[in-house]
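Step one of this worksheet: look at the structure below.
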Amino acid sequence: MFFPTPDLTTLLGPLELKNPVITASGTFGYGLEYEPLVNLKALGAIVVKGLSLKPISGNPPPRIVETACGMLNAIGLANIGLEAFLKDKLPRLREIDTRVIANIYGHHIEEYGELAKALKGVEGVHALEVNVSCPNVERGGMAFGIDPVIAARVTETVVRNTDKPVIVKLSPNVTDITLVAKAVEGAGADIISLINTITGMAVDIESRTPKLGNIFGGLSGPAIKPVALRMVYQVARAVKIPLIGMGGIMDYRDALEFLIVGAQAVEIGTANFVKPGASQSVVEGLSKYCVDHGVKRIGEIVGSLK
Amino acid sequence: MFFPTPDLTTLLGPLELKNPVITASGTFGYGLEYEPLVNLKALGAIVVKGLSLKPISGNPPPRIVETACGMLNAIGLANIGLEAFLKDKLPRLREIDTRVIANIYGHHIEEYGELAKALKGVEGVHALEVNVSCPNVERGGMAFGIDPVIAARVTETVVRNTDKPVIVKLSPNVTDITLVAKAVEGAGADIISLINTITGMAVDIESRTPKLGNIFGGLSGPAIKPVALRMVYQVARAVKIPLIGMGGIMDYRDALEFLIVGAQAVEIGTANFVKPGASQSVVEGLSKYCVDHGVKRIGEIVGSLK
Amino acid sequence: MIKKGDDKAMIDGDAEILFNHQVNHDTWLLGLKRSEPAVTMKPGQFVMIRVRSGMDPLLRRPFSVCAVEKDHFKVLYRRVGKGTEIMTQAKPGENFQVLGPLGEGFVLPEEERLPVLVGGGIGVAPLFFLARLLYRRNLEFMMGFRSAGDIIPFDELRLPNHRWSVSTDDGTAGHAGFVTDLLLLYLDKNRGLPLSLFACGPRPMLKKTAETAITYGIPCQVSLESAMACGFGVCQGCAVKTAPQESSAYHYVCRNGPVFPAEAIDWEAL
Amino acid sequence: MIKKGDDKAMIDGDAEILFNHQVNHDTWLLGLKRSEPAVTMKPGQFVMIRVRSGMDPLLRRPFSVCAVEKDHFKVLYRRVGKGTEIMTQAKPGENFQVLGPLGEGFVLPEEERLPVLVGGGIGVAPLFFLARLLYRRNLEFMMGFRSAGDIIPFDELRLPNHRWSVSTDDGTAGHAGFVTDLLLLYLDKNRGLPLSLFACGPRPMLKKTAETAITYGIPCQVSLESAMACGFGVCQGCAVKTAPQESSAYHYVCRNGPVFPAEAIDWEAL
Ligand SMILES: Cc1cc2nc3c(=O)[nH]c(=O)nc-3n(C[C@H](O)[C@H](O)[C@H](O)COP(=O)(O)OP(=O)(O)OC[C@H]3O[C@@H](n4cnc5c(N)ncnc54)[C@H](O)[C@@H]3O)c2cc1C
Ligand SMILES: Cc1cc2nc3c(=O)[nH]c(=O)nc-3n(C[C@H](O)[C@H](O)[C@H](O)COP(=O)(O)OP(=O)(O)OC[C@H]3O[C@@H](n4cnc5c(N)ncnc54)[C@H](O)[C@@H]3O)c2cc1C
Ligand SMILES: Cc1cc2nc3c(=O)[nH]c(=O)nc-3n(C[C@H](O)[C@H](O)[C@H](O)COP(=O)(O)O)c2cc1C
Ligand SMILES: Cc1cc2nc3c(=O)[nH]c(=O)nc-3n(C[C@H](O)[C@H](O)[C@H](O)COP(=O)(O)O)c2cc1C
Ligand code: FES
Ligand code: FES
């Protein structure tokens, strides 16, 4: 039997990607760092490191520690700030034939609005991914994204101030993620991405100190995949807007699990450190799986769980 | 320098153990199965498989699947029921010089009360561990333990009906575990144990079916250790009653991390499958660590995080 | 009928790898040192092997005992995933942590019944052990493989001089078709002969064999597989649905089996 | 001063293990095949090695380049944890996935300054490379080890005929005490001589060396270590606090370093 090259085109509401493979925020720098290792235009999209209005220098070290099949990071959302991104990174990113998604976060709800406004009309930024897992300064450092009401307010604020598709990225550190998902859907989010890292910690038994300068960090990598997959499955049944799934995806087989439970696209995070070519390999692996299984459009797989 | 054998005696409120190492419910059967492999009297305590009033045959297979550094189980709380436990298992368990803790669960709040009542005065059962992570039939299958109010009611019911120390075992699938911890403390729990498994799932990409008959399962093993440790740290700062920490403990080093963040004792779960002698090795390892580090009483380590 | 594995003999410890060589494109024969296995291990029993220290893969892997010698036993294994892939790389002189022997093995056939062994693919492994034990008796050994290249070179395993026949799904060797075809042909030719069936292999093959045996009224023991965490009745992960007449809803493959009478299992649910 | 690693030369791929032999009780020398390392790798640069496929350990491990030849390079590593333990078991002919060369190496000393290399423990590794590159020049190489048994048999590494001296913490060989004692003695004896310091080793040793260099007004480059996830400036995990006069609060060891001028680092925070 003959199959033409499978159609990997992915429609995420208003956002069209050439394939469903996206690199996750914080694990792919500003994209350009991977140029020597990955054919960037083979990717569906690149999500850049979380941007704040002003540059942020981040948490005191140590900032990362390896755990069983995972890692904890407490980077503290260090980034060069929106201005430097627009001036130093975006012009070069624009030359690459792929979608660029700006991941944004604020310390107050207004800051989200200001970021959205500042990115309004900016050419070469194809969507916003709103990180609501960061600490809310007004609420004593609790994450915005654990309260459906606040998550909805952040979403509204961004939607009101942008002309771009809005992806809201959910935190897994909640009792019922579908409540937050429905809230941000109701507030106008075009797309939901999940999951961000799960809060964890590690201790050095010789010094009896936390292994991270910040005590707590976010767990990512293969260890969290079962939890991520469960949450994507739950959210896919709770909302109508498209989903981007992530959490521990190391290869195309992991990516397929997320598509099968209902994600239209996936993000590759920690795998970019372990195997810098991981994102491109996932694209190739998905394509081959489609050919081998007689799948003509990748969309046929989405939500195909029996 | 000379150190006498370190004192591993552990006081958990009303419950005294010869050392802080306990085997976790569901991973050590009814204890007796391990007799050929472990010197049972070397253990601080044995928690038996979760008991319900009537025998439960459990979920349709497949019931377990391996994940990265972890496993998902959807056993469905299969057990022989309280009556058979008292008749067939307890008499032999009584002959072993260790503490026996009955892990109990119900489908309604009243069932918890009945279990507690049925175990009242029963010789050889030294404490009750109340599993509130199981589905609450009256609430559409949501776990009792994710709602502080319901968790408190379960606790109250058990406390009212027993003469034994009550350990309440918390679910990690919540936004803020300290709220549940405080609620069960307020309701009269003597001890808190945590964490139970984290809900997850896995998918077979060839058949596009869930790998578990029950779709969802509970994630355990090294993968969850960072999350478990974080929650023990949080709860240790929120309540005054003693804690038993667990989640991914494979060796004495892992156990020490839990003691350092504030658990008075630990439970060993999945490790019992991987290395059947794990629980005994943890006791030996802790003892050696104390000798090597000039620690005279294991209690010196508890909560010693700098 | 609920059986309960005999744990008296169960031990956990390092076992030295004596040999670990490839016998066909995806199958290896592993020799593990243990004192007196010939006394304590029975055909149909299995061991849980930790393929390496470290936490990925986390769980041990179950493997049938394929042969026993005075001071060692053999495991015949097929490379199917990451655990078995790692096993192929182990070198003589290294150790595996091995727990066993585990489970209830085959009940030996009555003297007046001719044993018929039906194995599919790597499912032949425990049947080799059974055949060796029955070396004084006549028996019929049928094996099915996907293709000629998958046939286990069983001469190497020093089997007694039994009658055996082979089928391949693609007809590249022996009978073209399934091993259950061989069985049906045999049963048709030998009506009235008192037989005792022993089967191990993929689930569809076992199902077919069991149903055939039940139809023909021939006693039949099947060896099942299931994902396992503990291997000795503790985790309750290895449940299989029992036939309606059984007293409990599930049997546990590791402890009540892996060998079951065909009638004990709910073949529809499998 | 923020430097930025040159990624033009960075490649990721399988590298064949040419040799992997033990040089003392806990140290191994590893040879990895790669075409033209002599052209692309500079002293002080490092590589990220994936010690095995599979997910535990998950992250790659950073190692300095210790020597380069035409078609391969060497890594001198100490067995300290599970990653390096696994490395010791790798056999010639097998592969490691290797990403590199990474980071900013040492800036070569001006002609008029005498290079003084100060290495502690396994920290001597990148200094060996530097010493080889400076083979035409005079230099002073000081190395500190815990005990005589820890001394790296550096003759094997075909070092040029430089002046070197050794200290051991327990006095079992060379000077009894720290390598920084050797440095202080040397500085006292050679006041006025224009020097250039290069240091790599444990943090307390680096701190002492850096503070000494700053006090004496001697240019000093230190090679730092830090936990790393990516190795090329992406994860921002390898931050070290910068000295107050620097323009940013943190430097990234993998990209702005691992080699830094002593003045760039906040030694109090380290
Ligand atoms: C009682 C018993 C006896 C067995 N005897 C043999 C034998 O003699 N020779 C042989 O080659 N194989 C035998 N198997 C099957 C063998 O256990 C699996 O092939 C092996 O576990 C696969 O591991 P993996 O890591 O290579 O595969 P993966 O697919 O990577 O394994 C992933 C997970 O699935 C489980 N798994 C996968 N396939 C099976 C299976 N068929 N049965 C049980 N669990 C499975 C693994 O244990 C592991 O937890 C037996 C199984 C059982 C239950
Ligand atoms: C730029 C650089 C160059 C290095 N060069 C060498 C060298 O030439 N030879 C050598 O033997 N060692 C070198 N190291 C240290 C080496 O990376 C660690 O010893 C190694 O990662 C330990 O891994 P492990 O799994 O054996 O130890 P484990 O303690 O089990 O490792 C656990 C985790 O801690 C990290 N880690 C532990 N120690 C260190 C350390 N000192 N630095 C960074 N991360 C660490 C590991 O990467 C891993 O993520 C270098 C480190 C850096 C940053
Ligand atoms: C080092 C690191 C930095 C991260 N930074 C961000 C960030 O800035 N914004 C964000 O939304 N998510 C951030 N994440 C989360 C990832 O984008 C992703 O949600 C998470 O790591 C789970 O996916 P993974 O298991 O594939 O890594 C970061 C993750 C890591 C490991
Ligand atoms: C197979 C299996 C069965 C379990 N059954 C129970 C149970 O009956 N009652 C209970 O409270 N916890 C049960 N647990 C949860 C464990 O007791 C423990 O809380 C959890 O596995 C985390 O610890 P670990 O990572 O060390 O396994 C079970 C866990 C496993 C893996
Ligand atoms: S494998 Fe644990 S009960 Fe059978
Ligand atoms: S290791 Fe990732 S930025 Fe340095």
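Chain naming here is simple, since letters A, B, ... match the order of the sequence lines and numbering starts at 1 in each. Quick caveat, the model's predicted, so the values are computed rather than measured.
- Within 6.0 Å of CZ in A:Arg253 there are 12 or fewer heavy atoms belonging to other residues, nucleotides or ligands.
- Across D:Tyr250 and A:Pro61, no two heavy atoms sit closer than the pair CE2-CD, 3.6 Å.
- Within the structure, no pair that satisfies the salt bridge (Lys or Arg N to Asp or Glu O under 4.0 Å) test touches residues 196-221 of chain A, not counting sequence neighbours.
- The shortest side-chain heavy-atom distance between D:Val234 and A:Tyr30 does not fall under the 4.5 Å cut-off.
- Of the inter-residue distances, the one linking A:Tyr34 atom OH with D:Cys230 atom SG reads 6.0 Å to the nearest 0.5 angstrom.
- More than 12 heavy atoms of other residues, nucleotides or ligands lie within 6.0 Å of CD in D:Glu85, so this atom counts as buried by the packing criterion.
- Taking CE from D:Met228 and CZ from A:Phe273, the interatomic distance works out to 13.0 Å, rounded to the nearest 0.5 Å.
- A pairwise comparison of heavy atoms in A:Glu33 and D:Gly233 identifies OE2-O, 4.3 Å as the closest pair.
- Between A:Arg63 and D:Gly237 the shortest heavy-atom distance is CB-O, 3.5 Å.
- Comparing A:Lys275, A:Glu35, A:Met250 by heavy-atom pairs within less than 4.5 Å of chain D, the highest count is held by A:Lys275.
- Taking A:Gly26, A:Ala68, A:Gly70 one by one and counting their heavy-atom pairs under 4.5 Å with chain D, the maximum is reached by A:Gly70.
- When the shell of 6.0 Å around CD of D:Glu211 is examined, it contains more than 12 heavy atoms from other residues, nucleotides or ligands.
- In this structure, A:Glu66 does not pair ionically with D:Arg60, as no charged nitrogen and carboxylate oxygen lie closer than 4.0 Å.
- Atom NZ of D:Lys33 is surrounded by 12 or fewer heavy atoms from other residues, nucleotides or ligands within 6.0 Å.
- Counting heavy-atom pairs closer than 4.5 Å to chain D, the top-ranked of the candidates A:Ile64, A:Val65, A:Thr270 is A:Ile64.
- Atom OH of A:Tyr252 sits in a crowded spot, with more than 12 heavy atoms from other residues, nucleotides or ligands closer than 6.0 Å.
- Nearest heavy atom pair, residue D:Asp12 against residue A:Pro276, reads OD2-CD, 3.4 Å.
- For chain A, the nearby part of D:Leu99 is the side chain; its heavy atoms alone come within less than 4.5 Å.
- For the pair D:Leu58 and A:Pro222, the minimum side-chain heavy-atom distance is below 4.5 Å.
- Atom CZ of A:Arg92 has 12 or fewer heavy atoms from other residues, nucleotides or ligands within 6.0 Å.
- If you tally non-hydrogen atom pairs under 4.5 Å between each of A:Ala223, A:Cys69, A:Gly29 and chain D, the highest count goes to A:Cys69.
- In this structure, no portion of A:Pro55 lies under 4.5 Å from any heavy atom of chain D.
- Residues D:Gln236 and A:Asn59 are not in side-chain contact: their nearest non-hydrogen atoms beyond the backbone lie 4.5 Å or more apart.
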